[in-house]
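The next block holds one structure in the form of structure tokens; read it before the comments.
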Amino acid sequence: MDKVVATALEAVADVPDGASLAVGGFGLSGVPNVLIQALYERGVSGVSVVSNNCGAMESGLAVLLSAGRIARVTGSYIGANKEFARQYLAGELEVEMIPQGTLAERLRAGGAGIPAFYTPAGVGTQVAEGGLPWRYDGSGGVALASPPKEVREFDGVEYVLERGIRTDYALVRAAKGDRHGNLVFNKSSRNFNPLAAMAGRVTIAEVEELVEPGGIDPDAVHLPGIFVQRVVALTPEQATAKGIEQRTISAPEARGTVGN
């Protein structure tokens, strides 16, 4: 089955307002920027996003966030995204913050058909006991707080019950993909991308290199095509447009030749 779609705009053409989206990437690594930009150009709004973070340096999900298109975020990291923090504290954005490993497993479990699982992460904290601010009222008060979760003991250790995550769509970026949707991720971009792809009912992948079926060694496939419904081949310019979050160089006086 050829899953290649001609353009990113065509690939996201049926994403409605209010859709839930699992989005791959971590910081600036492995972020499906082209698909996110296509959503922005279509004017999609009111979306609920599940992603480790909500964009950085005015790229990635920050494009939708800054435009006021995101209604809810489920993630584990705010970082240096000042607009994310501002909207959250102002009561403009609902945010569910959860431990990073729990987020990863909730996505994987949802994609694997596992409705819920027990984990020790968060036991004895507001993650399990409830009360984490999901939405502020704009004046410092909490308008909506997280509910308590079931805690159960196994072999003398307490565990909290966490639900698997399924979303309407998933947006991911891969280094290589074939027409059947089999994907390969490059180094650290193999972070949340496979997990987000598994969680989406309709998964759309932008790929830096498109190859024909058989062009990827089966042992090299990181995510099988059964989890992917649409593939968009990036242009060379899109594939190489990768930002650097913090560029650091040594001072001239600190550089020298070994042995001097």
Side-chain angles (χ1 to χ4, degrees), residues 4-84 87 93 95 103 107 165 167-175 177 183 185-186 188-208 223 227-235 237-245:
V4 175
V5 180
T7 67
L9 281 171
E10 183 180 343
V12 302
D14 61 346
V15 179
D17 291 346
S20 58
L21 310 170
V23 182
F26 187 106
L28 302 184
S29 177
V31 179
N33 288 306
V34 175
L35 292 170
I36 292 170
Q37 182 64 31
L39 283 179
Y40 173 79
E41 292 176 11
R42 282 201 55 242
V44 177
S45 65
V47 296
S48 296
V49 169
V50 182
S51 184
N52 174 67
N53 57 292
C54 203
M57 296 174 56
E58 300 180 354
S59 67
L61 286 170
V63 172
L64 297 177
L65 181 75
S66 298
R69 308 280 187 81
I70 298 177
R72 191 180 197 276
V73 175
T74 300
S76 58
Y77 183 67
I78 293 179
N81 192 326
K82 294 182 180 179
E83 179 60 14
F84 186 2
Q87 290 190 24
L93 184 69
V95 178
L103 174 62
L107 288 166
I165 293 175
T167 58
D168 300 323
Y169 293 84
L171 309 179
V172 300
R173 181 178 181 126
L183 303 180
F185 303 95
N186 185 33
S188 60
S189 65
R190 187 182 175 186
N191 39 50
F192 280 89
N193 273 302
L195 306 172
M198 292 175 67
R201 294 180 177 86
V202 175
T203 294
I204 309 168
E206 59 180 63
V207 300
E208 297 171 11
L223 184 80
F227 291 109
V228 179
Q229 282 69 48
R230 301 170 194 167
V231 176
V232 178
L234 301 181
T235 67
E237 293 76 16
Q238 291 170 333
T240 56
K242 299 178 181 179
I244 298 174
E245 190 163 359

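Remember, it's a predicted structure, so these values are computed and weren't measured experimentally.
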If we ignore hydrogens and angles and just use 3.5 Å, is the side chain of Glu206 paired with the main-chain N or O of Leu35 as donor and acceptor?
yes
Tell me every residue that passes side chain to side chain donor-acceptor pair (under 3.5 Å) with Ser48, counting only those two or more places apart in sequence or in another chain.
none
Could you tell me which residues satisfy side chain to side chain donor-acceptor pair (under 3.5 Å) with Thr240, sequence neighbours excluded, listed by chain and number?
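Listed in chain order: nothing, the list is empty.
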Check whether any side-chain heavy atom of [X] lies under 4.5 Å from a side-chain heavy atom of [Y], and answer yes or no.
| X | Y | value |
| --- | --- | --- |
| Ser59 | Val31 | no |
| Ser51 | Val73 | no |
| Val12 | Tyr169 | no |
| Phe84 | Leu61 | no |
| Leu107 | Met198 | no |
| Leu39 | Leu171 | yes |

Residue pair [X] / [Y]: nearest heavy atoms and the distance that separates them:
| X | Y | result |
| --- | --- | --- |
| Leu183 | Gly177 | CD2-CA, 4.0 Å |
| Leu103 | Asn52 | CD2-CA, 3.8 Å |
| Ala170 | Ala196 | CB-O, 3.2 Å |
| Phe185 | Pro194 | CE1-CG, 3.6 Å |

For Glu83, which residues count as a salt bridge (Lys or Arg N to Asp or Glu O under 4.0 Å) partner, sequence neighbours excluded?
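Glu83: salt bridge (Lys or Arg N to Asp or Glu O under 4.0 Å) contacts with Arg86.
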Apply side-chain contact (heavy atoms from CB on, under 4.5 Å) to [X] and list each qualifying residue two or more places apart in sequence or on a separate chain.
| X | answer |
| --- | --- |
| Ala197 | Val172, Thr203, Leu223 |
| Asn53 | Tyr77 |
| Thr167 | Ser20, Ala22, Val50, Ile165 |
| Glu208 | Arg173, Ala175, Leu234, Ala239, Lys242 |

Step-by-step side chain to side chain contact (heavy atoms under 4.5 Å, CB included) determination, Val15 to Leu21
CA-CA 9 Å; Val15 179; Leu21 310 170; 4.2 Å; yes
Measuring from Cys54:SG to Asn81:CG, what's the distance to the nearest 0.5 Å?
6.5 Å
When rounded to the nearest 0.5 angstrom, what distance separates CZ in Phe227 from CG in Leu195?
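So the CZ of Phe227 and the CG of Leu195 are separated by 10.5 Å.
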With salt bridge (charged side-chain N to carboxylate O under 4.0 Å, His left out) as the rule and sequence neighbours excluded, what pairs involving residues 68-80 come up?
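Matches after skipping sequence neighbours: Arg72-Glu94, Arg72-Glu96.
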What pairs of residues pass the salt bridge (charged side-chain N to carboxylate O under 4.0 Å, His left out) test when at least one of them lies in residues 29-50, not counting sequence neighbours?
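Residue pairs with at least one partner in residues 29-50: there are none.
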Which residue pairs satisfy the side chain to side chain donor-acceptor pair (under 3.5 Å) criterion with at least one member in residues 189-201, sequence neighbours excluded?
Arg190-His222
Between Asp14 and Val202, does the side chain to side chain contact (heavy atoms under 4.5 Å, CB included) criterion hold? Intermediate values first, please.
CA-CA 10 Å; Asp14 61 346; Val202 175; 5.5 Å; no
